[in-house]
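In what follows, a structure is listed as structure tokens, so that the remarks can point back to it.
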Amino acid sequence: MIPKLLKIGVVHFAGCSGCQLMLLNCEAELAILAQRVDCVDASMITSATCEETPFDLLLVEGSITSPSEQQHLQKLRLRCRHLVAVGACALTGGINRFDAPTRETACTHVYGPVADQIETFSPQPVANFVAVDACIPGCPPEHSDFLDFFGALSCGVWPTQRDAPVCMECRTRELRCLLEEDHLPCLGPITIGGCAARCPALGIPCEGCRGEVSEANRDELCHLMAKTHLSKSELKRRIQRFTGGENV
Amino acid sequence: MSRQIIQPLTRVEGHGRVILEQQQGRLVSVQLDLNESPRLFEALLVGRSWQEVPELVCRICGICSSVHKLAALHALEQVLKINIPPAAAIVRELTLLGGHIQSHALHLFCLILPDFFGVPSVLDLARDRHPLAMAGLEVKAFGNRLQELFGGRIVHPVNLVIGGIGQCPAEEQLIPLKEELAALCEKWPAIAEEFQASAKYPAGGAPVGCSLATGSPIGFDLTGTSLWTADGSEWPVADYARLLAERPVSSSHAKWPTGEQGPFLVGALARQALTARRTGTAPDTSRQNGIYANNTAQLLEIDWALSRAYSLACQLLDLDKTAPCRIPPDGPRAGVGIAAFEAPRGLLVHRYILDDTGHVTEADIVTPTAINQQVMAKQICLDLAEEKDQVRIVKTAEQIVRAYDPCISCAVHLLEVK
């Protein structure tokens with residue numbers, strides 16, 4: 001019997017395309033993946049475009065920045081059984097949320113006289129407009145995030161959402177603590193793991209690209225950060241980089 | 001007058017569309033819109049510390065994040081007056097080459113190859129384990145292996161930091177890599193030949209535009225201190241703004257280069273043509289297959305990148321690995337920093353002005369796809385002027401755009417559609 005192919009789509013909003021590139025970066029697994037899925041709409045990956053076909057699964061990358069994107073997203077939601085928000089921009093607005101100091105002034109800064117023709121609002125997470133069934137975190141997500149995801153789906157279940165911090169992975173790998181020992185501004189204690197502590201392993205402090213764990217102890221982090229060279233406002237910006245710029 | 005809109009453009013990075021206008025069955029005007037969402041990077045960088053800039057700007061583009069990060073690091077290190085250690089320079093270049101190989105292989109084997117076999121996607125080729133697609137994916141994976149090992153991550157590399165690098169890979173990682181590189185250098189020519197043998201392109205005229213690329217006294221390189229143009233002139237990188245004269249215009253959503261010598265063509269084809277003219281070291285492929293010769297030029301660059309990576313890996317093995325690979329900056333400085341790199345799809349310039357507290361007061365980023373947008377439209381006009389078949393017009397216009405390997409997220413780091 002030929003197994004039914006899962007009809008998937010990938011849609012890109014404001015972002016860098018790094019998330020869907022990470023899917024294509026699973027080079028060794030693409031042949032196996034292609035046995036399980038049929039990509040029916042994804043402008044970077046396929047020239048097939050089906051305006052009406054329902055999707056079993058729609059992967060959404062990027063944040064929503066205009067009324068037309070919002071409408072497009074809502075139309076797509078009606079066509080898909082499951083919607084998955086992929087990457088920091090889709091999950092929190094990501095670094096697009098940095099509109100210093102406001103969206104209007106940023107537009108004027110860049111576009112000058114044609115700025116008032118631009119219909120745009122501050123970048124928003126996908127979940128502000130549509131129901132999201134699952135999330136793949138990261139800026140960008142890891143290889144393993146995609147493989148875990150499709151692996152679980154092919155067994156008929158959603159993958160487990162990780163909620164243990166990067167610090168746990170540092171401990172497991174017995175890495176030197178950059179925060180306590182080197183006084184570097186590492187966000188490992190409050191950031192969702194799953195990257196095998198990629199940055200601390202290179203001596204680079206975690207920048208929080210996988211988003212915050214659900215019970216992030218920011219007070220304790222700020223206390224530990226007191227010994228780093230960062231000023232209060234720099235620390236705030238660092239924490240905000242991938243958390244959507246909410247109040248810290 | 002009839003109007004046809006090709007939207008979305010597929011198998012390219014980002015969102016774009018082409019508007020074709022015909023009069024009595026003749027193509028009279030072509031407009032290319034890069035209708036991505038606004039990113040406003042140049043505005044969001046203002047007021048931010050130099051320490052944040054590299055991590056932020058690599059997020060302009062997921063495909064060329066390594067070269068964006070490197071351009072930012074070079075520009076900022078100029079202001080901070082840092083000369084990075086030799087091992088760091090080699091690790092950075094290996095990351096750059098990895099990015100170049102992965103990006104070209106993505107374009108050739110994932111975006112272009114389906115056209116040769118009449119399938120919508122590389123997934124359709126992978127499903128049947130098509131030998132050429134599988135070989136191409138292996139090369140792409142190898143480019144990513146270089147970015148992973150030297151850059152610390154495939155997309156948005158983390159190992160490249162101000163003053164050098166985080167860590168240099170250990171000898172036990174470098175030795176097997178060197179062997180893999182040697183094996184791939186052997187294998188590559190046959191893969192490239194197979195690609196060329198399978199290639200099917202529509203007929204097309206000579207590539208439009210004045211070739212533009214960074215120039216280096218040492219021959220072919222992915223960075224340089226000057227800009228070369230096809231008419232034989234050489235400009236210091238610092239004069240890029242005068243040469244390109246980019247302006248925001250209401251008819252396009254990208255800044256348009258309005259420089260007198262333009263419109264400019266950037267990318268692998270422009271690099272090959274200029275290197276051939278200036279140094280006589282690379283074959284001139286610009287007269288074959290119209291703009292599709294860009295694919296041939298990319299194939300040749302993968303060959304060059306693999307052998308360059310091999311020699312760098314050998315050099316790195318010979319270096320003293322106990323020496324520090326990062327020079328920490330001794331504090332902020334005021335000044336202007338400019339760096340020009342060859343991103344896989346062409347010239348990339350980053351320019352920053354910092355104040356004496358190390359905060360950005362001005363940022364300018366010129367990307368290759370923004371430069372190429374004029375020649376893309378002109379090439380469609382030229383190649384399809386006499387074409388009458390509507391189906392073929394749409395298909396070919398899309399193939400022409402695809403041949404430039406546009407990266408629309410890059411181009412619209414400051415753009416918006418109406």
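Quick note on labels: first sequence line is chain A, next is B, and so on, each numbered from 1.
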Given 3.5 Å as the limit, does a donor-acceptor pair link the side chain of [X] with the main chain of [Y], or not?
X        : Y        : answer
A/His12  : B/Glu13  : no
A/Ser17  : B/Ser409 : no
B/Ser121 : A/Ile45  : yes
A/Ser47  : B/Pro120 : yes
A/Gln35  : B/Arg127 : yes

For a 4.5 angstrom cut-off between non-hydrogen side-chain atoms, does [X] reach [Y]?
X        : Y        : value
B/Asn144 : A/Glu27  : yes
B/Glu52  : A/Arg238 : no
B/Glu55  : A/Cys139 : no
A/Pro140 : B/Arg153 : yes
B/Gln51  : A/His229 : yes

I would like to know whether A/Arg198 and B/Glu148 meet salt bridge (charged side-chain N to carboxylate O under 4.0 Å, His left out); could you show each step before the answer?
CA-CA 10 Å; A/Arg198 178 183 284 282; B/Glu148 174 81 27; 2.8 Å; yes
Is it the side chain or the backbone of A/Leu24 that comes within 4.5 Å of chain B heavy atoms, both, or neither?
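Backbone plus side chain of A/Leu24, per the 4.5 Å heavy-atom cut-off to chain B.
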Side chain from CB out, backbone as N, CA, C, O: work out which of these in A/Gln20 comes under 4.5 Å of a heavy atom of chain B, or both, or neither.
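A/Gln20 has no heavy atom closer than 4.5 Å to chain B.
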Heavy-atom proximity to chain A below 4.5 Å, by part of [X]:
X        : value
B/Leu106 : side chain
B/Ile63  : both
B/Glu398 : neither
B/Arg129 : side chain
B/Pro114 : neither

Please determine, among [options], the option with the most heavy-atom pairs under 4.5 Å with chain A.
options                      : answer
B/Val161, B/Asp128, B/Val158 : B/Val158
B/Gly143, B/Ala141, B/Gly166 : B/Ala141
B/Gly136, B/Gly62, B/Gly152  : B/Gly62

Heavy-atom pairs under 4.5 Å with chain B, option from A/Ala31, A/Ala28, A/Ala201, A/Gly18 with the top count
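Heavy-atom pair counts peak at A/Ala31.
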Tell me which of these, A/Ile64, A/Leu33, A/Thr49, A/Asn25, has more heavy-atom pairs under 4.5 Å with chain B than the rest.
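Looking at each option in turn, the highest pair count goes to A/Asn25.
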[atom1]-[atom2] distance between [X] and [Y], expressed to the nearest 0.5 angstrom:
X        : Y        : atom1 : atom2 : value
B/Leu123 : A/Asp38  : CG    : CG    : 8.5 Å
A/Ile95  : B/Phe41  : CD1   : CZ    : 3.5 Å
A/Ser43  : B/Gln7   : OG    : CD    : 10.5 Å
B/His156 : A/Cys16  : NE2   : SG    : 3.5 Å
A/Leu21  : B/Gln102 : CG    : CD    : 5.0 Å
A/Met44  : B/Leu111 : CE    : CG    : 7.0 Å

Within 6.0 Å of CZ in A/Arg79, more than 12 heavy atoms from elsewhere:
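Result for CZ/A/Arg79: enclosed.
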Yes or no on side-chain contact (heavy atoms from CB on, under 4.5 Å) for A/Arg241 and B/Leu56, after CA distance, side-chain angles and deciding distance?
CA-CA 9 Å; A/Arg241 192 179 292 174; B/Leu56 293 180; 4.1 Å; yes
Under the criterion side-chain contact (heavy atoms from CB on, under 4.5 Å), I'd like the reasoning laid out for A/Met22 against B/Val155: C-alpha separation, chi angles, the key distance, then a yes or no.
CA-CA 8 Å; A/Met22 281 308 291; B/Val155 173; 3.7 Å; yes
